[in-house]
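Single-structure report; data block below.
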Protein chains: 2
Amino acid sequence: MDRKIATIQDVARIAGVSTATVSRTLSKPSVVAPATRDAVLQAVADTGYRINTQAANLRRQRTGSVIALVPNLANPFFSQIFAGMSAVLTEAGLGLLVADTQTGSDPEERLSYHLTSGNADGLILFDGTFSRDRLNVPGRPPVLLVSEWMEDDLPSVTVDNRHGAALAVGHLAQAGHRAIGFLSGPPENVLTSERLAGFTTALADLGLVARPDWILEGDFSMDSGAAAARRWMALPDRPTALFCASDEMAIGFMGAVHRAGLSVPGDVSIVGFDNIEVAQHLTPGLTTIRQPRTIIGLRSAELLIDMIAANSLSGPSEVIEVELIKRASVAPPRSP
Amino acid sequence: MDRKIATIQDVARIAGVSTATVSRTLSKPSVVAPATRDAVLQAVADTGYRINTQAANLRRQRTGSVIALVPNLANPFFSQIFAGMSAVLTEAGLGLLVADTQTGSDPEERLSYHLTSGNADGLILFDGTFSRDRLNVPGRPPVLLVSEWMEDDLPSVTVDNRHGAALAVGHLAQAGHRAIGFLSGPPENVLTSERLAGFTTALADLGLVARPDWILEGDFSMDSGAAAARRWMALPDRPTALFCASDEMAIGFMGAVHRAGLSVPGDVSIVGFDNIEVAQHLTPGLTTIRQPRTIIGLRSAELLIDMIAANSLSGPSEVIEVELIKRASVAPPRSP
DNA sequence: CTAACTGTTGTAAACGATTGCACCTTGTGT
DNA sequence: ACACAAGGTGCAATCGTTTACAACAGTTAG
């Protein structure tokens, strides 16, 4: 067979029409006469012609793909979101490029790069920590912020972090806990501040105060959860329940607690955040706040596609609801 | 400022040279005179010119990206591999497009699509189950198979699955187990057959036989592990140790066993495969066979880049070594 | 003094599509 | 019979680069 790949020229020659007609047959068939259309389609079939998206995109001044920029590609939290995004994007004829901000030296630098490289019709950003003027570049594509919340008016898809925290606290309180601690993410992180705010407010609503020494700091990772557990165990006066800002930290925490010979929920009740897949298979099952990640991905893609279609740098934001998933890691506190 | 984005024409005009010289200054600076070079670079800086990769790629007959095609994007197993790949690819100026084969209807169809779409300079395939003639298309890009092993001579990056299985069995045997079962993946899967073969051989080397009723079937997922646990518990004569073909299944299995009031490793010792991050935080810590996923990603990217550079459809394969990670899920069998 | 290089630059033709505009048929109304 | 509209098609410019080739100036060797 042919080594060469057929171009639109070949198809045009074989069908006995001009390239314009071939192009039209493929993009808006309605404007070409049925007879010609058939001839062209036949020629397409004969040659095995596949449209060259690069050339088409060049002419159309678009790229045909969007970039998802995450802090760390290795973090499995994102994979399910990707799956949702991919489904919608594929449908719309867009490809999904992934990149992380931590590979190179300067994260903000990477953002700027992708903003100006012109390699994408849109950008989905999973990392809210960058200075605003980075976005101030001439012909930049639309940007959608996912998961990380920001004070300004960039379009975003987020979950209701405060409400999630309130659900967690409410559940623990209902089980009888008064001494409730919080295991946070990195202090500068917006998720941390939102969840902490929700935590504090919920406690206040119950007439409780958030004790500073019961607020432990982590970085969302399992290891940091384990480290926090060691600090918790060293506490002279320990909270009987802990709300963790991520399931991963909750897992690390529980693991370390178990290794020390203590029990969950016997010695401490735990609520996580995210509902990652493993949560329900742990022993005990991890009570947690579910973030519907596939839906986050779907909606993100949809919103971005709308912005691209409207050729607009702004657009609506969306807040996705979270949900309390009750499992066995919460129990009434041991009676004193 | 300007709304328009500067093109090579603008730079050429401002620098007072031809577009050819601008292009050369940017791609092979050595051939242009230092004085002109400086002038061009100055003009580039002044205009904020960014090269249009699409146009460049069109002209160069390349796309500037590779596609990673996985069975299921939501599976976190791949994310760490992506991270490794991305690092290398970015370095080489290539983007990483991700897609999964399960979104559409027919998985093989999706493969064919990406093979012919001409959207990538290379394809990384994480799913070995497709008929060979799918690859028989005119100008297809190089394809590298990752993780799933195949009998023919497609370039691939795999781990030594048989050896991994042997390590697992060896470790269990050393702990004193004679009654060792296997929790497999889907029967048609190559990983399943390789690990099963390694399992059987290792048993044979110990003078043991693989009992068919001790070979449980799963699909690599946590849920299937939990289901297998229920079948295991129903067994009249249960093996005292189980080698699971994935950590996920091991986790599901352990969870279900715990819920039934039995203990790991008290009632059954477990060895997993993969060493996913959560393995060390479980209770008990999961003994497993480590697959160095970042390295798999790195090497895959490197091999594919070599093929692309050499413009060749074939290339070397690589087998990555696995390693036994001992944790607390293995103990001597309860004395009868 | 001429021929043959070498080093540097410009001209212009690709790459493979899309699309505004002009053109040619027909069909319809008067 | 004529004007006009509508439907269908082709011409050729365009998207923003890269690169083969030619051109030209200044050495250098013979």
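The sequence lines fix the lettering, A, B, ..., with proteins before strands; numbering per chain opens at 1.
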Nearest-angstrom distance from the residue atom [atom1] of [X] to [atom2] of [N]:
{"X": "Tyr49(B)", "N": "dT17(D)", "atom1": "OH", "atom2": "P", "result": "3 Å"}
{"X": "Asn52(A)", "N": "dG16(C)", "atom1": "CG", "atom2": "P", "result": "7 Å"}
{"X": "Arg60(A)", "N": "dT18(C)", "atom1": "CZ", "atom2": "P", "result": "5 Å"}
{"X": "Ile8(A)", "N": "dG16(C)", "atom1": "CD1", "atom2": "C1'", "result": "8 Å"}
{"X": "Leu58(B)", "N": "dG16(D)", "atom1": "CG", "atom2": "P", "result": "12 Å"}
{"X": "Asn119(B)", "N": "dG16(C)", "atom1": "CG", "atom2": "P", "result": "15 Å"}
{"X": "Arg37(B)", "N": "dT8(C)", "atom1": "CZ", "atom2": "C1'", "result": "12 Å"}
{"X": "Asp10(B)", "N": "dT17(D)", "atom1": "CG", "atom2": "C1'", "result": "13 Å"}

* Report the residue (Val32(A) or Thr19(A)) whose heavy-atom-nearest nucleotide on DNA chain D is the more 5′ of the two. =>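 Mapping each residue to its closest nucleotide by heavy atoms, the 5'-most match is Val32(A).
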* So, Asp38(B) and Gln42(B): side-chain donor and acceptor under 3.5 Å apart, yes or no? ->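 Looking only at side-chain atoms, Gln42(B) and Asp38(B) do not form any donor-acceptor pair under 3.5 Å.
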* To do: Using distance alone, with no hydrogens and no angle criterion, decide if Asn57(A) and Thr63(A) have a side-chain donor and acceptor under 3.5 Å apart.
  =>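 Note: Asn57(A) and Thr63(A) side chains miss the donor-acceptor criterion.
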* Asked: Of all the choices, dG10(D), dG16(D), dT19(D), which nucleotide is nearest to the side chain of Ala55(B) once you look at every atom?
  ->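 Out of dG10(D), dG16(D), dT19(D), the nucleotide with an atom closest to Ala55(B)'s side chain is dG16(D).
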* To do: Could you please name the option among dT9(D), dA12(D), dT9(C) that lies closest to any side-chain atom of Ala33(B)?
  =>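 For Ala33(B), the side-chain atoms sit closest to dT9(C).
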* Under the side chain to side chain contact (heavy atoms under 4.5 Å, CB included) criterion, do Phe78(B) and Val146(B) qualify, and how do the steps go? -> CA-CA 11 Å; Phe78(B) 301 118; Val146(B) 176; over 6 Å; no
* Asked: Are there more than 12 heavy atoms of other residues, nucleotides or ligands under 6.0 Å from atom CD of Glu91(A)?
  ->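 Counting other residues, nucleotides and ligands, CD of Glu91(A) stays at 12 neighbours or fewer.
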* To do: Check whether the side chain of Arg59(A) and the base of dG16(D) form a donor-acceptor pair under 3.5 Å.
  =>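 Checked by distance alone, the answer is no.
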* Would you say the side chain of Arg50(A) and the base of dG16(C) hold a donor-acceptor pair, judged only by whether the two atoms sit under 3.5 Å apart? ->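 Donor-acceptor pair under 3.5 Å: no.
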Once you apply a heavy-atom cut-off of 4.0 Å, does [X] come out as touching a base, just sugar-phosphate, or nothing?
{"X": "Ala20(A)", "result": "base"}
{"X": "Val17(B)", "result": "sugar-phosphate"}
{"X": "Thr7(A)", "result": "sugar-phosphate"}

[N] phosphate, OP1 or OP2, under 4.0 Å from [X] side-chain N/O:
{"X": "Gln61(B)", "N": "dA14(C)", "result": "no"}
{"X": "Thr21(B)", "N": "dG10(C)", "result": "yes"}
{"X": "Gln9(A)", "N": "dC15(C)", "result": "no"}
{"X": "Thr36(B)", "N": "dT9(C)", "result": "yes"}

* To do: For a side chain to side chain contact (heavy atoms under 4.5 Å, CB included) with Thr19(B), tell me which candidate from Asp10(B), Ile8(B), Val11(B), Thr7(B) qualifies.
  =>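 One option only clears the test, and that one is Ile8(B).
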